[in-house]
Trainee: 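My questions will all concern the structure given below.
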Amino acid sequence: MKSILFVCLGNICRSPTAEAVFKKLVSDAGRCSGFEIDSAGTAAYHTGNRADHRMRSVADKRGYRLDSIARQINPADFDHFDLIVAMDDANFHDVCALSAGSGAELVRMCDYCQVFNVSEVPDPYYGGEAGFHEVIDILEDACANLLRQS
Ligand code: 4NP
């Protein structure tokens with residue numbers, strides 16, 4: 001059993017979508033029993049909220065149901081999860097600072113991209129609908145490769 005935690009800033013746009021995209025790939029591959037998959041935010045602003053309605057709407061059109069409830073990453077996550085996957089550089093630096101020598105492996109989501117030549121999943125929060133589609137495009141690319149390597 002491999003446990004993976006996807007992390008962004010608010011846990012209402014990118015990381016809940018990464019969670020849903022990866023869960024669907026795992027399910028389609030018949031590998032559900034091999035994974036525990038969750039997401040969290042480095043910030044607590046949106047704790048207890050559903051994913052952003054714009055992100056949910058675009059995800060829905062693309063075949064993903066976002067049903068996670070936002071939560072902030074906490075110290076126990078670093079002992080519990082095998083792999084912590086950060087969406088952008090700021091998230092990566094924040095989880096590195098919080099990890100304090102834990103056993104979790106810390107990585108960047110875009111290190112798994114094969115089609116997109118990007119280093120970060122861009123924050124879509126202050127932009128238009130195209131940004132939410134771009135998030136899913138990048139996550140589909142990265143999650144497919146993450147699954148292949150897992
Ligand atoms: P996320 O997007 O980190 O992908 O969930 C954001 C959500 C909320 C805010 C920023 C980014 N915010 O500033 O409230």
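Excluded from the calculations below are hydrogen atoms, water molecules and symmetry mates; all remaining heavy atoms, backbone and side chain alike, are included. Here, residue 1 is the first one in the sequence, and each next residue gets the next number. Predicted model only: the values in this text are computed from it and were never measured. Counting starts at 1 for both ligands and their atoms, following the listed order.
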Trainee: Distance alone, cut at 3.5 Å: any donor-acceptor contact between the side chains of Asp94 and Asn91?
Mentor: no
Trainee: Is the closest basic N to carboxylate O distance between Lys23 and Asp67 below 4.0 Å?
Mentor: no
Trainee: For ligand 1, what are the residues with a heavy-atom contact below 4.0 Å?
Mentor: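 Only Cys8, Leu9, Gly10, Asn11, Ile12, Cys13, Arg14, Tyr45, His46, Asp123, Tyr125, Tyr126 have heavy atoms that fall under 4.0 Å of ligand 1, ordered by chain and number.
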Trainee: Sequence neighbours excluded, which residues qualify as side chain to side chain donor-acceptor pair (under 3.5 Å) partners of Asp89?
Mentor: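 Counting only residues at least two positions away or on another chain, Asp89 forms a side chain to side chain donor-acceptor pair (under 3.5 Å) with Arg108.
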Trainee: Connecting only ILVMFWY residues whose side-chain heavy atoms lie within less than 4.5 Å of each other, what is the rest of Phe81's hydrophobic cluster?
Mentor: Leu5, Val7, Ile73, Phe78, Ile84, Phe92, Val95, Leu98, Leu106
Trainee: Taking 4.0 angstrom as the limit, do Lys24 and Asp28 come out as a salt bridge?
Mentor: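 Yes.
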Trainee: Can you list everything that forms a side chain to side chain donor-acceptor pair (under 3.5 Å) with Ser15? Sequence neighbours excluded, please.
Mentor: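 Here the qualifying residues are Asn11.
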